[in-house]
Structure formats: structure tokens, C-alpha cells
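Numbering of ligands and ligand atoms starts at 1, following listing order. Values in this document were obtained by computation on a predicted structure and should not be read as measured data.
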Amino acid sequence: MRKKIVAGNWKMNKTLPEAKSLLAEIDSYIQSNSSKCEVIVGIPFVYLENAKVNHKNLKVFSEDISEHKSGAYTGEVSAEMLKSVNVDGSIIGHSERRQYHKETDEQIGAKIKIALEYGLTPIFCNGEILEERKAGRHFDVVKKQTEVALFGLTAEEISKVIIAYEPVWAIGTGETATPEQAQEIHAHIRSLIADKYGKEVADSISILYGGSVKPSNAKEIFSKPDVDGGLIGGAALNINDFSALINTYSEI
Ligand code: 13P
């Protein structure tokens, strides 16, 4: 059975003391409540080296990674550097990176490839913007993003990728895709992978939903057959909401 995952993306939030304390709270919550899912926290680069956790079900990810191996790329952080501070994986291709840093599907594909090469687990983000949804183009947009970024990988490589579908219009807006909208896109993504790599590979890949997930709507969304958890922004920034989201898997 594929993994169920609750992942937080802290984005550009928290000072070092705040980050340490939230991470310790999450770690101890998982220690004392046998969680039925894997938990990931995507945290700012500067805190990664200090991010020591005890529980094996809690993984620490970066929020981005360089597409280059090393060299004259001022401000970039490489896969090798992340590996050297024991990071488990990276969030790659988030819509905020696409929007504000003009990342392309080709670059995102290169980042995924290099993460895998260094043994880091990529969370590949895709999702349409509001205009594309209104024009009924969301299936095509997600198809292209997925094909360009992932379909150069071998079956063995793609099996190590986590996918996060995040409709851009639902991120930080309070507006969530309905469970049915999430399910139909997740099923679409899974069928694209099945067509290319076979059903067994497609069925092994966790596909997370992201966009205004909170304790009050998580259960309905996570219960859908092709939704394997969530990538969570705002509600990942405090222990009460985030632990309630982790706990959702005890109720499904
Ligand atoms: P919100 O949960 O704040 O909508 O953010 C979602 C997101 O972008 C996670 O990567």
C-alpha cells in the first residue's frame, strides 16, 4: 500500500527559536501518539542543519534545491550540501517558485533528477492557476507539467517521487478544492503515470493535495481514494492545527 503523508511547508516563516520549538513539538507529538502516516516538514534552508528529530516517521525537507551540482551559482543550495546536513528531501516546483522565480517545468525536472541522484526524496508540485481552471484547462496544464518534469525519469526513479497537486487558486486563499475536484485531478495524474509506467508504479506513488487544508476539511479530502495526504502551508505553522492534521489518519 502506498504511503499516507502529512507534509508541512513553512515557506518564509519563523525565527530560529520558533522553528526549533515547533519542530520539537511535532517530534514529541509523533513520539507519544502513534501516527498512522509519515510526517514531513519543509523548512527554510538556514534551519536545516539544526533540525534534529528523533522519530523515524518525521522527515525534514528543504523548500527548494538547485538544479546545478556545484559552482558559480550565488545564493543557490545544492543537493550535495543538503545531503551533507542529513536532509531527507526537497519540495520542488512549488507554485510560488514558479510564479516569483519563473521556474519552468524543464528546470523543475532537472531539480528532481539531481535530488534523486543524491538520494533525496522530491515532492514535485503541480497545479493550475485560476484562469486555467476557469477555462477548463486544468487537466491539460497538470498533464504538461507532469510530463515535462517527470517523464524523463525511469520507472525506478519516479517511484521515489511524491507528487503534490496544489491548485494555485486554493493556496493561502481559504478556498479549497472540493474533495471531488481533488479526487478527479489526482486520478488523472495517476492515470497519466499508469499509461507511461504501468499500473503498479502508478499505484505506488503518493499524491498529496495542497491548498487551504485545515483540520476542518482534511478528513473529507484525505478520504478520497487517490488522495494520499496533504501539503500544508498556513495550518502547518502551529502545533494544534498540524497535530490535528496528522491525527486525521487515525480517523480514516
Ligand atoms: P496553504 O495551506 O496556506 O493554502 O498553502 C498550501 C501550500 O502552498 C503548501 O505548499
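- A salt bridge between Arg98 and Asp105 is present, with a side-chain N of the basic residue lying under 4.0 Å from a carboxylate O of the acidic one.
- Every atom of ligand 1 with a heavy atom of Ala170 under 4.0 Å away is listed here by number and element: 4 (O).
- Salt bridge Lys113/Glu67: absent, no basic N to carboxylate O contact under 4.0 Å.
- Between Ile171 and ligand 1, a contact under 3.5 Å exists for no N or O pair.
- Ser66 and Ser78 share no side-chain donor-acceptor pair at under 3.5 Å.
- The closest protein non-hydrogen atom to atom 3 (O) of ligand 1 is Gly234 N, 2.9 Å.
- Looking at Arg2, its side chain does come within 3.5 Å of a backbone N or O of Asp203 through a donor-acceptor pair.
- Considering both main-chain and side-chain atoms, His94 comes within under 3.5 Å of ligand 1 through a nitrogen or oxygen pair.
- Geometrically, ligand 1 and Ser212 share a nitrogen or oxygen pair separated by less than 3.5 Å.
- Residue-ligand proximity: Lys11 is placed with a non-hydrogen atom under 4.0 Å from ligand 1.
- Between Tyr165 and Tyr209, the ring planes lie tilted relative to each other; the angle falls in the 30° to 60° range.
- Within the structure, ligand 1 has Gly172 among the residues with a heavy atom less than 4.0 angstrom away.
- In summary, Asp228 and Arg190 engage in a salt bridge, as defined by a charged side-chain N under 4.0 Å from a carboxylate O.
- No hydrogens or angles considered: nothing links the side chains of Glu156 and Tyr197 as a donor-acceptor pair under 3.5 Å.
- Of all protein heavy atoms, the one closest to atom 2 (O) of ligand 1 is Gly233 N, 2.9 Å.
- Scanning all protein heavy atoms for the shortest distance to atom 7 (C) of ligand 1 gives Glu166 OE2, 3.2 Å.
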